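This report concerns only the one structure given below.
If you read the sequence from its start, that first residue is 1, and numbering goes on from there. Remember, it's 1-based here, ligands and their atoms both numbered in the order they're listed. Owing to the predicted nature of the structure, the values given are computational and were not obtained by experimental measurement.
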Amino acid sequence: MKNVLIIGSTGQIGSELTMKLRGIYTNGNIVAGYIKGAEPKGVLAESGPSAEVDITSAEQIAQAVDKYQVDTIYNLAALLSAVAENKPQLAWKIGVGGLFNVLEVAREKHCAVFTPSSIGSFGLNTPKDHTPQDTIQRPNTMYGVTKVSGELLSDYYAHRFGVDTRSVRFPGLISYVTPPGGGTTDYAVDIYYSAVKGETFKCPIAAGTFMDMMYMPDALRAAIEIMEADASRLVHRNSFNIASMSFDPEMIYASIKKYIPDFKMQYEHDHLRQAIADSWPNSLDDSCARAEWDWKPEFDLDTMTRDMIEKLRVKFSK
Ligand code: SER
């Protein structure tokens, strides 16, 4: 990796991944791809090049790849699960049509491609606990349909055309820099904002609903390490289960109360999000990622909670 294009650089993952890549690959072009209305600002805009790259335009992707001699594309454009249920046509257009554009440009111009998959790629008939790497993937959400399609399409381009496609199935990602938008796991981000602001949190997900989650620093490391991994060791490509923690709302609430004892949470049921959460695994088995590219998470629930609270307090004091 030397010259990298990040499509969706101003989103939850992109805003942090772009900065991290710029810190590592100091001699390369780390290009912040953005769409109109979501232009990079502040340090993201000032610390490196940016280019308008709408994933639905193969031409814009190709132009940025040519201009900056891009060798690796991080394709982070997507609608999250709850939004995708409300806009399924757009979710397909971005998630699958957009990926097709990226893969075609990558095929022609010899780029490696990272496209995140998700715990959302599993469905009701997937084994729920320690979900294996290779198992049934029949999701009933449009988000999941785009993710499974993306895994298949990416593997197809690897086998058929030799495009170096790789990916991980992200759990719910928790971060403090840029808020996520419209995911099912996002309650586990919102709860920290409420706690630090001194508000009562209204939890849309029922007690006892377990999902895999991950703190952003671990997720960023996974995204970089999989692209740097020795290809000869990879048995799988699209996409690796990765995991670091699994919890339900009661567990994250208890973790926050260790640091903010007065914090209060009450339940306010959200049918759409609950149905989506119920169709996803409780916890993934990530042994293939550990064996094939030495994946290992660093944060657990309490170390994440401590760091989130500390970082959000700094953010709100500015
Ligand atoms: N965070 C995502 C969502 O909830 C899952 O990958 O949509």
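Proximity of W280 to ligand 1, defined as any heavy-atom pair under 4.0 Å, is confined to the side chain (atoms from C-beta onward).
The N/O atoms of D186, backbone and side chain alike, include none that comes under 3.5 Å of an N/O atom in ligand 1.
Residue S118 holds the heavy atom nearest to atom 5 (C) of ligand 1 of all those in S121, S118, P116.
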From CA spacing to verdict: ring pair (Phe, Tyr, Trp, His ring centres under 6.0 Å), Y253, F201: CA-CA 9 Å; Y253 179 46; F201 179 61; 9.0 Å; no
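The protein atom (non-hydrogen) at minimum distance from atom 4 (O) of ligand 1 is T184 N, 2.6 Å. In this structure, the protein non-hydrogen atom closest to atom 1 (N) of ligand 1 is T185 OG1, 2.8 Å. Nearest protein neighbour of atom 7 (O) of ligand 1, counting heavy atoms only, is S81 OG, 2.7 Å.
Of the possible polar contacts, one joining the T126 side chain to the I136 backbone as a donor-acceptor pair under 3.5 Å is found. The backbone N or O of E39 lies less than 3.5 Å from no partner atom in the side chain of T10, so there is not a single donor-acceptor pair. A side-chain donor-acceptor contact under 3.5 Å links D285 to the backbone of S287.
Seen from the ring of F161, R107 counts as a face-on cation partner, given the 6.0 Å and 45° thresholds.
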